[in-house]
Structure formats: structure tokens, C-alpha cells
Colleague: 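Here it is: the structure, laid out below.
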Amino acid sequence: MSSQQAPGRPVLPFWRRLLWGALAVSFITASSWLGFHLSENQGIASLRAESNHRLDLFASAVEGMVKRLEHVPATIQLSHDVLNLLRDPANPRRVQAADSYLRRLNAHVGSVSAFVLNDRGVVLASSNTDRADDSRVGEDVSFRPYFLEALSGRVGRHFAIGVRGEPGYFVSHPIRDGARVIGVAAIKISLEPIDQTWQMVGSPALLADANQVVIHSSQPGWRYTALVDLPVERRVDLLLTRMYNSMRIRPFPLSPLLWIGEDGQLVDSRGQAGPQQLMRSTSGGGMLVLSRPLDGMDWRVMMFLDLREVRTAAAFNGMMASVAAAFLLLLALFIAQRRRIQRQRLESRQLLERANAELEQKVATRTQDLTDANDRLRKEVADREQAEQTLRATQSELVHAAKMAVLGQLATGITHELTQPLGAIRTLSGNAIEFLKRGDMKTLSGNLGIIARLADQMGSIIHPLKGFARKSDPAPARTDVAVALGNALFLYGLRLRKEGIEVVNLCEPGAVTAWCDANRLEQVLINLVGNAIDAMANSPTKTLTLAADYEEADPDAGPPRWARIDVIDSGAGLDEKTLAHLFEPFFTTKTQGAGLGLGLAISRDIAREFGGDIEAHSRPDGGACFSLRLPAAASQETLTA
Ligand code: ADP
């Protein structure tokens, strides 16, 4: 398997998560702020649009009330009674006529009072002479700006509080006698009717004069307060002209986010001119201030709109915006998460496919390796089998060669064995001819019978040799150990007798049967018996003992497994060196020509070929013992059955 990491991105580091968290919080806060401000601006804009109309109506109403009588002073100069009075002020009849005129006029136009001043500012005639408390005649009002304005030839207009504390709008006009200003005509207009108009505004409103002092308001507390900080010289001026009588001008009660500039324009705290301005009230709710200058006057009307509702709605909208932003963030997070999971799945699949492909590649390589190894093994097996076959062939050759060598050794003995019968046959056959000539048929048939017996005897001598010399492939079968031992002893019969060896054969025919090839077993036994005879060549006692028995022959445990054949001699025995190399090919202690050193090596090979073995040891009382072990025929027959 590939050692690659599990797919997918690692978890974000803490600082990046913190950054993302801070960004999300900032986004939500910014959305909330934006929602609040947009909503607030929208609310203010619609409030302004709706209120502007009412303010216009209010301004028009005020204008109408104030300006309605503005032209009246100009008409006073046209009165002969007034002109005559100014020309002869000491004449009581003229004073009376002028007073009467003014009274009528005042009553007609509905002003508070109408009066005429001489060029020094003293009231000569008044509409109020019938009112003892407010006749005004003889009063010096030369300090009033409306007198000074008119004296200098202009129309004077301003608000002022009268000496008896009654506020009003004063309008004055110069009275000329030719080009010279000989007096001043003035009227005082009441502002009380404005109180009727507050209702149409519907919100707190005020009327401010040229000094930015509130001269009328729907809020009684705002009256005679200054919208701006009045400079000292202005205050002195106001005291001197007694514009507001002895009234103390207090600062406007709302905090000054707005003020009026020198030119009378409403400006905001940044100094920018504007028709309206936000204002923070002392209650902290916030107010929208709408302002209008009155046409042709330096007065202005102002309207104060409470923004609490707008702010509440904006706060709600800001909250909704933050909720929407949070929802959007969650949605984005969800989509990102989904995409991440899909990407991870894809990566996992790709990784798995890659790992699979790698695995398949490896399996294919291994399989190829195994196939190659298998092919090599098969070839080796074939080579081994070939070598084994060659070995077997060689072994057969060697066995045959060894047999031939034994036969060669036996040739002398057999020749000797056959010489006597042959000689006897020649003699008897010569005699037979003689007896035939003589017609002695009885003796002849006796001789011929002897010849026949001798021929049988010779045949029996030669017969085993024929089987022995035959070259054959091994074929395992039930083999009587006693028969094989008998054949081997027969071959060495002459030598045994010649060398005076006593043979003790403890093996009864049919007592022990082994599972092997009879020819090969004979070969092994011939070799062992031959070696034993050689070993006893110089021994004082010469005894060859042959024994055979079963091993593990426990009747309760089933048939015996092994057949054991012991070839025991009374020769020199086996020293350590001989024991160590006994079964090695070409190991021999015999003189050159006497032995090849192959007998025991081949014999062990043959025994192992049938599943058995050969072991050798020196006997304590002298001599050697060679034990040949082969599978018992009974056990093999049970297996193959
Ligand atoms: P070879 O008979 O041609 O020498 P073998 O393989 O048959 O070859 O025997 C090898 C050697 O083992 C013999 O040369 C001999 O020294 C020793 N040997 C074999 N049998 C006996 C025995 N019965 N007693 C003592 N030595 C033996």
C-alpha cells in the first residue's frame, strides 16, 4: 500500500481560524452597521420629505401673518393729519387729529398699535392714547433699531419686546417732507396668532429672528433662547436697543449639533451649509431639524422631528441585516464544507484507485516473479530428474560392473567346480562308447544316467550365475531375505571353504520378507559378505554370522515396519577413521586392484532407494557388524492394499 496521507486538507491552524472568525464577526458587524445606516438614512429621507411640506405651509402662514401689515406704515405718511402734526407738534388739535387717525387705522388693520415719532425718536401720536397703560405718547424710542432704520430712509422691521413686556413685530417707514425725513411711522404687529399654526406643524417648532433668538415657539421653554452663542458686542447691542427688553437670553436647551452662521444660514458642526440638520436632543434620542428662511425676511422657522421611531426601525433593520449576514455566512460555510467533503471524497477515490493500480502492478510483478521462479524450479526439477536418471543409470552400470567383478573373482572357483564333473563326463562318455561297442547296454545306461546327473549338477552351478549377471531395473516386491542370503553365500561357497570360514546362518527361509528388488538385495548382501570375508583374511577365528529379524514387531501395533539383516564377522573391526569415511565413494583400505571403494556407497544408495539404510559398528568382542534395514514387506502391502 502506498504510504500517502489520508486525503483531504489538514485542520486549519488556530491563527487562521481566529482570522476567519474575526472576519466573520467583522462582516456581521459591518452588515449590521450598514443596515442600520441605510435604514436610518432612508427613514430620515422619507421623514424629511413628508415634513418639508408641513414646514412650507407653516412658513407661508407665518409670512402671511407678519407681512400682511408691512405696507401700513408707508401709508401713514400719506395722512395729512400726521404730516400736519409733524409740522406743528405742539398743536393739541393736530395731535388729537393724528391720534384719531392712528386709532382708526389701527382698529382697521388689526395691529397692536400704530404710532408716529418725530425725528428725535419721541412718540408724537399713537393709536393707544385712549389706553392709559399704553398710550406711548411722549415716549422716547430713539434707541429702537426700527426708528434708526427709518430715520436713515429705509424700512425698518424687527422683533422687539415692548417697554411693557409685550412682544411684537415692529415695522417702520420714514415720513418725508419733500426730501427730508421729518418723522417715522411705525406699527406693532402681534405674533400671538402664530400660536394657532403650531398644530399644523405637528412637531416642536420655533420662529427665530435675525439674532438667532427664538422669538416664538410651540415649546414655551424655548422662548428667548439663542440658537448660537451671541458675541459680547451683540449682547451689548441688544441691551442698548432693549430689543428683548430686560429678558435674559438663555442658550438653546438642545445640544448644539447645529448652529446658525454669521450670514444667517443654518450650518452643521462641520461648517457646511444645509437646509436641515440632525440634532441630538438632551434625551439622547436624536432629532431631525428642518429649517426655512421666511421670504424677504431674516427670520426663519424651524421644525424639530423626533428620530426615535426611525432609529428604532433602523436598529431593527440593522439587527435583521446582521441575522441575514450570519445566515449568508452559514450558507457559505455549508456550501464550502459540502464542496470540501466532495473534494475529499474525490481525492480518496483517486487515492484508492491509485493504491489499487499500484497493488495490481505489484501483484502482477510478484506473479511474474513467481511464474519465473516456478519455471526455474521446474527446470531445476527436470535437471534433477535428468541427473537422477543419469545417476541411476550410472548406479546400474556400477552394480553391473561390481557383479562382473565378483563373477571374475568367482570364475576360478566355478572353473574348479565344473572341472571335476566335466572330467567325469568325458571319462564316462568314453566308457559309454566302449560299453556300446561291447553291447553292454546295462552299464551304458548306468553311465549315461551318471552323465545326466553330472550335467544337472553343472547346470545348477551355472544357473544362479545367469540371473546374477543379468542387468535389470529395480522392481520392488516381496523378497525372502533367506533366499537372497543363500544366493550370496552360494557365490562365495568356494572361497568360504578355501579360507576355512565357519558360516552361521540364523535366517530360516520365509522367516523374514522385505519390500525390495531381490537382485539388488543380493548385490548388497554379496558386497557385505565379500567385505566380511576380506576382513577375516588374517583373523585367527573366522566366523561369519548371518541373522535376519523384524524391528518394531509389536503384534498389537499392527504389522512390523522394518526387516533387519545383520552380517557379522570376526575380523579386525572398524577403527574411528574407517567408521568416519566408511560409506564415502572411493574410500578403501584395500590394496590397489583389490577394491574400488564403491561397494558400501552403492549398497547404502540401494538401501535408501527402497526407503531403508545401512549402519555399521565394531563389536566389543572383535569384528564388525553391518546392519541392513529395509521396509518389511507386510507393512508395504498394507499401505498399497
Ligand atoms: P572395497 O571393498 O572395494 O574396499 P567397500 O566400500 O566395500 O570398498 O569397503 C570400503 C572399506 O571399508 C574397505 O576397504 C574396508 O577398509 C572397510 N570395511 C568394509 N567392510 C569391513 C568389515 N567387515 N570389516 C572391516 N573393515 C571393513
Side-chain angles (χ1 to χ4, degrees), residues 391 394-413 468 481 484-485 487-489 491-496 498-507 519-548 564-610 612-630:
L391 194 68
T394 312
Q395 196 188 43
S396 291
E397 290 300 327
L398 282 171
V399 169
H400 191 66
K403 279 183 186 175
M404 289 304 131
V406 172
L407 276 179
Q409 283 177 6
L410 296 177
T412 323
F468 183 71
V481 172
L485 269 174
N487 287 340
L489 285 176
L491 286 175
Y492 288 110
L494 192 64
R495 263 190 82 188
L496 290 168
K498 217 168 113 187
E499 295 188 24
I501 295 170
E502 181 194 0
V503 178
V504 181
N505 190 352
L506 302 174
C507 187
N519 213 15
R520 289 278 196 272
L521 176 59
E522 270 177 37
Q523 172 57 33
V524 174
L525 293 175
I526 287 166
N527 190 42
L528 295 179
V529 172
N531 278 345
I533 295 169
D534 289 342
M536 292 185 290
N538 301 316
S539 287
T541 55
K542 299 181 181 190
T543 311
L544 175 66
T545 312
L546 301 166
R564 204 187 76 240
I565 305 156
D566 294 327
V567 179
I568 304 159
D569 63 63
S570 56
L574 303 161
D575 57 24
E576 264 185 41
K577 189 185 163 215
T578 307
L579 264 176
H581 302 285
L582 203 58
F583 295 98
E584 287 176 13
F586 303 108
F587 172 78
T588 181
T589 55
K590 294 174 188 168
T591 52
Q592 208 173 3
L596 282 171
L598 285 173
L600 285 177
I602 291 170
S603 297
R604 177 174 260 189
D605 255 12
I606 291 169
R608 285 184 176 173
E609 193 181 341
F610 294 117
D613 207 351
I614 299 178
E615 285 172 359
H617 63 264
S618 274
R619 295 175 66 237
D621 48 349
C625 173
F626 283 78
S627 299
L628 168 64
R629 199 168 59 153
L630 289 169

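Whatever order the structure lists them in is the order used to number ligands and atoms, beginning at 1.
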Colleague: I'd like to know if R520 pairs up with D605 as an ion pair, taking the criterion as any Lys NZ or Arg NE/NH1/NH2 lying under 4.0 Å from an Asp or Glu carboxylate oxygen.
Modeller: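 Salt bridge: no.
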Colleague: For N538, does the CG atom sit with more than 12 other heavy atoms under 6.0 Å from it, leaving out its own atoms?
Modeller: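 It does not: N538 CG has 12 such atoms or fewer within range.
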Colleague: Would you call the rings of F626 and F583 parallel, tilted or perpendicular if under 30° counts as parallel and over 60° as perpendicular?
Modeller: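 Taking F583 first and then F626, their aromatic rings stand perpendicular (interplane angle over 60°).
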Colleague: Okay, side chain of T543, backbone of S570: is any donor-acceptor separation there less than 3.5 Å?
Modeller: no
Colleague: According to side-chain contact (heavy atoms from CB on, under 4.5 Å), who are the partners of L391, at least two apart in sequence or on a separate chain?
Modeller: none
Colleague: Quick check on E615: does its CD atom have over 12 non-hydrogen neighbours (other residues, nucleotides or ligands) under 6.0 Å away?
Modeller: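 Open.
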Colleague: Quick one: table the atom pairs, ligand 1 N or O against protein N or O, below 3.5 Å, distance rounded to 0.1 Å.
Modeller:
residue, atom, partner, partner atom, Å
ligand 1, 2 (O), N531, OD1, 3.0
ligand 1, 2 (O), K590, NZ, 2.4
ligand 1, 3 (O), L596, N, 3.0
ligand 1, 3 (O), G597, N, 3.0
ligand 1, 4 (O), T588, OG1, 2.5
ligand 1, 6 (O), G599, N, 3.4
ligand 1, 6 (O), L600, N, 2.9
ligand 1, 7 (O), N531, OD1, 3.2
ligand 1, 7 (O), N531, ND2, 2.8
ligand 1, 14 (O), T588, OG1, 3.2
ligand 1, 14 (O), T589, N, 2.8
ligand 1, 14 (O), T589, OG1, 3.2
ligand 1, 16 (O), T589, OG1, 2.2
ligand 1, 23 (N), D569, OD2, 2.7

